[in-house]
Visitor: 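Let me begin by handing over the structure; questions about it come next.
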Amino acid sequence: MKIDIVSVFPEYFEVLNLSLLGKAQEKGLVEVTAHNLRDWTHDVHHSVDDTPVGGGAGMVMKPEVWSECLDELLHLEPTTVTYDSTVTCDSTADADDTASADTAKPAESATEIAANADTVPATDRPVLIFPNPSAPLFTQQDATELSHANHLLFGCGRYEGYDARIPQYYRAQGVDVREYSIGDYVLNGGEVAVSVMLEAITRLLPGFMGNAASIVEESYTGENALLEHRQYTKPADWRGIKVPDVLLSGDHAKVDRFRRDEALAKTNELRPDLIEALDCSKLDKADRKTLMALGWEVSGTHPRQR
Ligand code: 6GU
């Protein structure tokens with residue numbers, strides 16, 4: 001997997017050379033390059049931002065600098081997008097909204113590719129990702145999908161954001177463009193968000209983790225995502241606190257059931273939204289009994305609070 005990151009603080013990404021991602025780079029699993037956006041400026045001040053059109057506070061990242069950079073990294077020739085001016089620009093930053101590509105009408109083939117953009121990236125098509133606090137949340141499912149791509153390009157915005165025409169233009173060029181937020185809070189720039197997304201994506205690459213099974217069992221993975229059960233190691237009695245007896249019983253079926261029930265109870269308490277999203281047809285008899293005891297109706301497609 002080839003990963004390009006564009007930022008005005010490329011040094012921030014030196015941390016990626018540490019730990020597991022550093023090892024993955026050494027093994028040749030991933031090749032990460034952090035670029036400085038200012039390398040694509042031509043003015044003496046190396047400016048990358050300007051005041052917002054329509055007024056308002058803060059600064060917005062200029063499209064011209066980004067396009068010179070992205071054209072080079074994506075091996076694209078600059079073009080002019082011609083579109084029906086009666087159609088307003090896409091004002092939402094919705095990663096799944098491939099229809100926004102329809103507002104622009106470039107060469108027929110490019111429109112087609114953009115309109116057919118699936119959620120699973122075609123491995124031969126680069127994916128351009130913009131962290132954006134006003135975009136859909138980045139989830140484990142997104143991480144899984146993106147771990148199948150061959151080339152990821154992250155564009156870190158700073159200041160109040162970036163010109164909305166940048167993602168619009170590259171979508172119209174047939175690039176798989178996505179915008180993601182990592183949570184409901186505001187950061188100063190996309191750098192932290194990119195390192196979060198990168199860690200979630202790259203750890204899923206085959207050969208990245210020592211123990212592949214630990215990926216399968218953890219929270220938020222699989223079709224029926226639950227929070228993970230609690231974990232214990234030895235000693236069985238530590239400072240007066242005992243490990244649950246059943247975990248010492250050696251009865252694997254009982255251990256599995258105990259852990260599953262604990263995962264259901266913990267998820268019920270902390271993330272009832274995840275219980276509501278469960279597919280009832282994938283729950284076994286014991287799951288249903290546990291959920292019913294926790295106050296859920298499990299006869300429909302998804303559990304419903306009684
Ligand atoms: Cl992706 N960017 C910024 N600047 N702030 C955020 C975010 C992203 N996700 C949550 N907050």
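Just so you know, ligand 1 is whichever comes first in the structure, and atom 1 is the first atom listed for that ligand.
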Visitor: Which atoms of ligand 1 are found less than 4.0 Å from any heavy atom of S181?
Guide: 1 (Cl), 9 (N), 10 (C)
Visitor: At a non-hydrogen distance cut-off of under 4.0 Å, which region of D184 contacts ligand 1 (side chain, backbone, both, or neither)?
Guide: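 Near ligand 1, D184 shows nothing, with every heavy atom at 4.0 Å or more.
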Visitor: Return the residue, atom name and 0.1 Å-rounded distance of the protein heavy atom closest to atom 5 (N) of ligand 1.
Guide: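 Answer, as residue, atom name and distance: L187 N, 3.1 Å.
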Visitor: Using distance alone, with no hydrogens and no angle criterion, decide if D4 and H151 have a side-chain donor and acceptor under 3.5 Å apart.
Guide: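 H151 and D4 do have a side-chain donor-acceptor pair below 3.5 Å.
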Visitor: What I want to check is whether the side chains of D43 and S47 have a donor and an acceptor closer together than 3.5 Å.
Guide: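 Side chains of D43 and S47: pair found under 3.5 Å.
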Visitor: Any donor-acceptor pair under 3.5 Å linking the side chain of H302 with the backbone of L278?
Guide: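 A pair under 3.5 Å: yes.
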Visitor: So which of G183, G190, P131 gets nearest to atom 10 (C) of ligand 1, if we judge by its closest heavy atom?
Guide: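 Looking at heavy atoms only, the winner is G183.
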Visitor: Have T139 and Q141 got a donor and an acceptor in their side chains that come within less than 3.5 Å?
Guide: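 Side chains of T139 and Q141: no pair found under 3.5 Å.
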Visitor: Considering heavy atoms of the protein only, find what lies nearest to atom 9 (N) of ligand 1 and give residue, atom and distance to 0.1 Å.
Guide: I182 N, 2.9 Å
Visitor: Students should be able to answer this: which protein heavy-atom is nearest to atom 3 (C) of ligand 1, and at what distance?
Guide: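 The closest one turns out to be P133 CD, 3.5 Å.
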Visitor: Is the backbone of T33 close enough, under 3.5 Å, to the side chain of K2 for a donor and an acceptor to pair up by distance?
Guide: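 Pair absent, no side-chain N/O of K2 close to backbone of T33.
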Visitor: Keeping the roles fixed (side chain from R38, backbone from H46), state whether a donor-acceptor pair exists under 3.5 Å.
Guide: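 Indeed, once roles are kept as given, a pair shorter than 3.5 Å links the two residues.
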Visitor: Side-chain donor-acceptor pair under 3.5 Å between Y169 and R171, yes or no?
Guide: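 Judged by distance alone, the side chains do not pair up.
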Visitor: List ligand 1 atoms under 4.0 Å from A193, heavy atoms only on the residue side.
Guide: 1 (Cl), 8 (C)
Visitor: Is it the case that ligand 1 has an N or O less than 3.5 angstrom from some N or O of Y185?
Guide: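 Right, the criterion is met.
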Visitor: What atoms in ligand 1 come closer than 4.0 Å to a heavy atom of Y180?
Guide: 1 (Cl)
